[in-house]
Structures are given as C-alpha cells and as structure tokens.
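This report concerns only the one structure given below.
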Protein chains: 2
Amino acid sequence: MGQNRATGQAGRGTVVRGIRQALAAGDMAPGQRLVEQELADTFHATRSSVREALQELAADGLVELIPRRGARVRVISVEDAVLITECRAVLEGLCARRAAERATEKDRTVLRDIGTAMEDAVDRGELETYSALNRRLHELVARVSGQTVAESLLDRLNGQMVRYQFRLALRPGRPTQSLPQHRAIIDAILAGDPAAAERAARAHLDSVIEQLRATPGPSPHLT
Amino acid sequence: MGQNRATGQAGRGTVVRGIRQALAAGDMAPGQRLVEQELADTFHATRSSVREALQELAADGLVELIPRRGARVRVISVEDAVLITECRAVLEGLCARRAAERATEKDRTVLRDIGTAMEDAVDRGELETYSALNRRLHELVARVSGQTVAESLLDRLNGQMVRYQFRLALRPGRPTQSLPQHRAIIDAILAGDPAAAERAARAHLDSVIEQLRATPGPSPHLT
DNA sequence: GTCGATGAAATTGTTGACAATATCTCCGAT
DNA sequence: ATCGGAGATATTGTCAACAATTTCATCGAC
C-alpha cells in the first residue's frame, strides 16, 4: 500500500467510503467545503473519481453540490433531523409490522439473543456495545421484514443522521430509557403481533424525536 | 431550436428531462438498453452530459447501471411496485396526519376545490382530468404537511411507479372506487382529524396495492 | 448441427489539458 | 477606515482522444 493512486471505479469507491467514514468520525465538519483536488490528494484518487463520488454522496444527501461553487458537507439542522426521524418512525413501523408477520424460527432466535445481549450491555454500562446492538437490531428488523424498498430508504436516512445518532447514544440515562422500548419491539415481533410491533417501533422513534428536540443546535459553524 | 448541442449542465438537464419524459410516455421499454452515444445524438448533448444524467437517473432508481455493460431502463416487477406502494402508504399516512394538523384556511379552500373538481371529473367521465387532480391532491397533501423529507422520498418513489400509475388509472371502474377514498382523506384533513387522515391515506393506498396485485406482470419483455 | 475459439466492432471507462467561473488580494478613492 | 473594483489565483466544468472491456460475427473442429 503505497503511492499508487486508486484509479477509476475503485477510486470512486475509495473516496465514497473515505468521506463516509470521515463524516461518521466527525473529521469533517458540517458546512465544510470539499475541494476536489484536495480530496483527490488525500485519498490518492483522480479528480474524476472524486467528482463521481461527490455526486453519489449528494444523491444520498450527505453532501450539498452547488454548481460552479463546489461541494459542502451538508448541514442537518435539528428540524431536519426531526423530519428525517418522523419518516424513519413510519418506515420502521412498517418494517416491524411485517417482521412480526414473517419472522422465522431462526430470526426469532437471533432477535432473542440481541435482546438479552442488550440487557447485559446496559447492565454492565457498555455503551459502545449497546450502541452496536442497537444498529444491529434495526437492521435485522428491516431485513426480516422483506421490505427491501423501505430498507434502502432507511439506509439513506440513517446515513444523514450519523452525527446526531452518536450524540444521542452518549446522553446519560438514554439507554435506560430506550432499552424497554427495544424490548417492546422485540417482544411484539416474537409474539407475532404486527399491530403491537408497529406501535412499539413508532413509540421508540417518537421518543428519539423528543430527545432530538431537547438537543442544542449543532455546534454553530466553525467555518 | 436547431442543431446546437446542449452542452454541459444544460445538456445534462436536457437528457435527464428527456429520458424522464420518454419513460413516462412509455417510449422506452423497461429493460431497454441505453447506449450513451445514441442518447447523446437524440438529445443533442455530449457523451459526458449523458453519462452524468444516467448516474442521476440511477440514483433515482429509474435506470440500472451495470459497470462496463452500460445502462438499462430499470424493470419494476409487480412485487417491487407493491413494496414501493407499501412505503408510500405509511409516508403519505404521515403527510396526511400532519396536513390535518397544519392546513391553513387557504389550504383548506384549495383542498375543497380539488374535491369538488374530482367529483365533477368522475361524473363527466373525464379520466384524464381526474388523474391530473389525483396527482395534485397527493402533492398538495405532501406540501401542506411540511414534511419535506417525506415529500422528497415520495417524489422518488412515484417516479419509479409511472408505468403502473397510468396503467391503474385506466382500469374501468377504478375512479368509482378511489373517489370516495380521496373524499375521506380530504374530509379528514378539513375536519382537522389527524388520526382519521392517516387512516384514510393508508386505506387508499392499501386499495392501490390490491389493484396492483391483480395486475398481470408488465408485458413480457419485447427486448 | 453445436460448441468453442478467434478476431472485429461496438461500447464503456479514463485521462489530462483546456475553458469558464468564482474567490481572494491588493490597492485606490471617498 | 470602508467600500469598490481590477487583477491574480484557485476551483470547477468541459471536451476529445485514447485505453480497456464487452459483445457480436465468423469460422473451424468434433
């Protein structure tokens, strides 16, 4: 691994992954300007690759593309985050409902395991683990539901929320609040009760919205 | 309007619009291969513009992009259409709910007008008019709801459904079936009853799903 | 007659140079 | 000191030629 520039479609993938990661890690501030040549240098790709990567990220709503003025990391206000989460609420509600109808024995076992693992993690105060299980749970529900369209929409929406998600998960007392909500979703799916599963998923995300509303706006731009 | 090649971003826009329209008009069959040079010629644009346009359309799910093998018009199976409509159901449910909470006097007036215009159109058997009003209604509800995120998701999903939508609207007896459902949505919003509005929107789209399921698969490829 | 290989044609992917535009810097006028 | 404008620089957008790959047609062997 050295000086070789990743070229072509490989390069594009590299840049997309790189920017995604930098965004998730908080290495790129919202509103920050993204200069094509700089990106090309840091990721050892060509400007063409960077250009295409930016378009892809713009389509996913992670980056804002202004003609003749380049790309910026998209700024997502608290209000935006709320609107996004409202969509997540109904879409995850749909997924939970269908998951309750369709979960196989195998799925149920995995679900049960995630449930107990979550309780353990919260007991032991392992926030990182809990957060990871959280993601796994939401992903599993979407996958089990067979709602591939909803799943991809949720993917997109979640991508836009990275900044807020890690902010929320670290809130003191948050796990104690969300754990029973996750339990309720799991239990409803295990019980094969679609209506309850949908209600539980929505209730969970409504609570996320409440938390978001109590969030101070994202650190005023250090342009 | 002559021999001038639309160049650059203008060209890209031209191509995107052109393909979108051709798709809506049924001039491009699903699965049809889209060759860059051909498109560049027919829309009088450069191959670069075409390339970018295809990426944009791919991000919107209208076109399938396979590396090294070019672009094809995306084939949307009946099952896909059902999954899409299930998402639409919950998203439009959300919009209807919020619209019921937020509609201003002005909005209500427009809504009422659309309602009566719909009834007139059905009475007179003006299918085209009814179909246009249908679109306007769904758009208005989304806009009034203030759910900009849901609105853009719905835009994307609707774009993928063009083929099926016109197929459904022409079904005999369909207007008689959908008119009261539209009325129910409008009335619930006018009454300021969020829960009823959401139920009505969902019920309407559940009925669309039923119709879709009773649809013969999209005409077996005339590749 | 079918299958596979070989070469030709068509098509997509990549690159680097160039053009157009925006942004910044510096300077002078008020 | 502030504002505005001219030039310089930085940055994005465009293009056409070239490279790589796939697809298609032709031909020969079994």
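What you see below is based on every heavy atom in this structure, not just the backbone, and it leaves out hydrogens, waters and symmetry mates. Quick note on labels: first sequence line is chain A, next is B, and so on, each numbered from 1.
- When the side-chain hydrogen bond (donor to acceptor under 3.5 Å, both in side chains) test is applied to A/Thr14, no partner is found at least two apart in sequence or on another chain.
- Annotation: of the two residues near DNA chain D, A/Gly70 and B/Arg33, the 5′-most nearest-nucleotide partner is A/Gly70.
- The nearest whole Å value for the distance from the CZ atom in A/Arg69 to the P atom in D/dA10 is 19 Å.
- Looking at residues two or more places apart in sequence or on another chain, you find a side-chain hydrogen bond (donor to acceptor under 3.5 Å, both in side chains) between B/Arg88 and B/Glu92, B/Asn158.
- Although no hydrogens or angles enter the test, the distance criterion places no donor-acceptor pair under 3.5 Å between the side chain of B/Ser131 and the main chain of B/Glu128.
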Can you pull every protein N or O that's under 3.5 Å from an N or O on nucleotides 14-19 of chain C?
unit_1: C/dT14; atom_1: OP1; unit_2: A/Gln9; atom_2: N; d: 2.9
unit_1: C/dT14; atom_1: O3'; unit_2: A/Thr7; atom_2: OG1; d: 3.4
unit_1: C/dT15; atom_1: OP1; unit_2: A/Thr7; atom_2: OG1; d: 2.1
unit_1: C/dT15; atom_1: OP2; unit_2: A/Thr7; atom_2: OG1; d: 3.3

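- Whole-Å rounding puts the B/Gln37 CD to D/dT23 P distance at 19 Å.
- With sequence neighbours left out, the side-chain hydrogen bond (donor to acceptor under 3.5 Å, both in side chains) criterion links A/Arg202 to B/Glu198.
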Give the table of side-chain donor-acceptor pairs shorter than 3.5 Å for residues 55-65 of chain B, with sequence neighbours excluded, one pair per line with atom names and distance.
unit_1: B/Gln55; atom_1: OE1; unit_2: A/Arg12; atom_2: NH1; d: 3.0
unit_1: B/Gln55; atom_1: OE1; unit_2: A/Arg12; atom_2: NH2; d: 3.3
unit_1: B/Glu56; atom_1: OE1; unit_2: B/Arg12; atom_2: NE; d: 2.9
unit_1: B/Glu56; atom_1: OE1; unit_2: B/Arg12; atom_2: NH2; d: 2.8
unit_1: B/Asp60; atom_1: OD1; unit_2: B/Arg156; atom_2: NH1; d: 2.9
unit_1: B/Asp60; atom_1: OD2; unit_2: B/Arg20; atom_2: NH2; d: 2.6

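- Partners of B/Glu101 according to the salt bridge (Lys or Arg N to Asp or Glu O under 4.0 Å) rule, which considers only residues two or more places apart in sequence or in another chain, are B/Arg98.
- In this structure, CG of A/Leu34 is placed 13 Å from C1' of D/dT11, rounded to the nearest angstrom.
- To the nearest angstrom, P of C/dA20 lies 18 Å from CD of A/Glu36.
- Rounding to whole angstrom units, CZ of residue B/Arg12 and P of D/dT12 are separated by 16 Å.
- As rounded to whole Å, 9 Å separates atom P of D/dT12 from atom CG of A/Leu39.
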For residues 27-36 of chain A, please give each side-chain donor-acceptor pair under 3.5 Å, one per line with the distance, not counting sequence neighbours.
unit_1: A/Glu36; atom_1: OE1; unit_2: A/Arg47; atom_2: NH1; d: 2.5
unit_1: A/Glu36; atom_1: OE1; unit_2: A/Arg51; atom_2: NE; d: 3.4
unit_1: A/Glu36; atom_1: OE2; unit_2: A/Arg51; atom_2: NE; d: 3.2

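- Near DNA chain C, defined here as any heavy-atom distance below 4.0 Å, there are no residues from residues 54-66 of chain B.
- Counting only residues at least two apart or in different chains, side chain to side chain donor-acceptor pair (under 3.5 Å) contacts with residues 140-154 of chain A comprise A/Gln147-B/Glu86.
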